[in-house]
There are 2 protein chains.
Amino acid sequence: MKTRIKDLRARLNLTQADLASMVGVRRETILFLEKGKYNPSLKLAHKVAAALGSTIEEVFIFEEEDLL
Amino acid sequence: MKTRIKDLRARLNLTQADLASMVGVRRETILFLEKGKYNPSLKLAHKVAAALGSTIEEVFIFEEEDLL
DNA sequence: ACATAATGTTAGATATACAAAACATTGATA
DNA sequence: TATCAATGTTTTGTATATCTAACATTATGT
């Protein structure tokens with residue numbers, strides 16, 4: 001699962017820690033999401049997208065394998 | 001978290017078991033999702049939406065509290 | 001009314017998202 | 001180059017999504 005979190009975050013001049021506190025998670029959680037290291041819960045995905053002024057479908061990039 | 005799974009599923013004449021096998025989860029998982037009993041992973045949400053010919057934002061209904 | 005399909009419920013096991021904390025590395029800036 | 005902010009890594013612990021399986025209830029059709 002790839003994401004556009006890093007790009008969108010940079011565009012808004014937010015650090016990982018900034019975004020983490022906006023969303024109510026630890027900084028490492030944002031880091032792991034950015035690196036595609038795990039598959040977030042739907043609510044967390046929604047909160048991240050909202051904090052970035054965007055939608056889930058815009059922030060998270062689904063690949064073919066995500067359907068298997 | 002509310003969803004439109006039940007409606008969309010009925011519109012496509014799919015049983016819970018049908019949808020579950022399309023998505024690769026147990027029937028109970030679909031049941032619990034329909035009833036809002038848990039917060040799915042993003043990939044599962046995506047698979048369910050795709051199986052229903054829809055998008056995550058159309059299938060899952062986010063409420064204010066989902067941002068807290 | 002009976003059979004069967006569909007839906008709903010419950011309980012225990014497993015995998016993993018996420019927390020927490022500590023430390024390492026990179027990058028910017030004075 | 002020394003300092004500090006930002007990012008990255010690792011480990012351990014906890015909460016919960018999901019699985020498995022068995023059974024209960026509610027439709028639906030004959």
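A note on names: the letters A, B, ... follow the listed sequences, proteins ahead of strands, and every chain is numbered from 1.
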**OP:** Tell me whether the OP1 or OP2 atom of D/dC19 has a side-chain N or O from B/Thr29 closer than 4.0 Å.
**Re:** yes
Original post:
Counting only side-chain N and O atoms of B/Ser41, is one of them less than 4.0 Å from OP1 or OP2 of D/dT18?
Top reply: yes
Original post:
When the nearest nucleotide of DNA chain C is assigned to A/Pro40 and to B/Ala17 on a heavy-atom basis, which residue is associated with the more 5' position?
Top reply: B/Ala17
Original post:
Atom CZ of A/Arg9 and atom C1' of D/dT7: how far apart are they, to the nearest Å?
Top reply: 9 Å
Original post:
Nearest heavy-atom pair of B/Pro40 and B/Leu44: which atoms, and what distance?
Top reply: CB-CD2, 4.1 Å
**OP:** Assign each of B/Asn39 and B/Leu31 to its nearest nucleotide of DNA chain C by heavy atoms, then name whichever residue's nucleotide is nearer the 5' end.
**Re:** B/Leu31
**OP:** Take the protein atom CD1 of A/Ile30 and the nucleotide atom C1' of C/dA20, then report the distance between them rounded to whole Å.
**Re:** 16 Å
Subject >> Check: A/Phe62 and B/Leu42 side chains under 4.5 Å, non-hydrogen atoms >> reply: yes
Original post:
Starting at CE of A/Met1 and ending at P of C/dA17, how long is that distance when rounded to a whole Å?
Top reply: 11 Å
**OP:** Please state how far atom NZ in B/Lys43 lies from atom P in D/dA17, giving the value in whole angstrom units.
**Re:** 18 Å
Original post:
Can you find a pair of side-chain heavy atoms, one from A/Leu33 and one from A/Val25, that are under 4.5 Å apart?
Top reply: no
**OP:** Let me know the distance between CZ of B/Phe32 and P of C/dT7, rounded to the nearest Å.
**Re:** 14 Å
Original post:
Below 4.0 angstrom from OP1 or OP2 of C/dG8, is there any side-chain N or O of B/Lys6?
Top reply: yes
Original post:
What about B/Glu28, does its side chain sit under 3.5 Å from the base of D/dA17 through a donor-acceptor pair?
Top reply: no
Subject >> Interatomic distance, A/Ile5 CD1 vs D/dG8 P [rounded to whole Å] >> reply: 12 Å
Original post:
Within the structure, does a side-chain N or O atom of A/Lys35 lie under 4.0 Å from either OP1 or OP2 of D/dT9?
Top reply: yes
Original post:
For D/dA17, does either OP1 or OP2 sit under 4.0 Å from a side-chain N or O belonging to B/Lys37?
Top reply: no
**OP:** For A/Asn39 and B/Lys43, indicate whether the former's side chain and the latter's backbone hold a donor-acceptor pair under 3.5 Å.
**Re:** yes
**OP:** Please check the phosphate of C/dC18 (OP1 and OP2 only) for any side-chain N or O of A/Lys47 closer than 4.0 Å.
**Re:** no
Original post:
Does A/Arg26 place a side-chain N or O at less than 4.0 Å from the phosphate oxygens OP1/OP2 of C/dA19?
Top reply: no
Original post:
Is there a donor on the side chain of A/Arg27 or the base of C/dA20 sitting less than 3.5 Å from an acceptor on the other?
Top reply: no
Original post:
Can you tell me how far P of D/dA5 sits from CG of A/Asp18, to the nearest Å?
Top reply: 13 Å
Subject >> Residue among B/Arg27, B/Arg9, B/Lys6 satisfying salt bridge (charged side-chain N to carboxylate O under 4.0 Å, His left out) with B/Glu34 >> reply: B/Arg9
Original post:
From the list D/dG8, C/dT7, D/dT18, which nucleotide is the closest neighbour of the side chain of B/Tyr38?
Top reply: D/dT18
Original post:
Between A/Leu33 (CG) and C/dA17 (P), how many Å, whole number?
Top reply: 10 Å
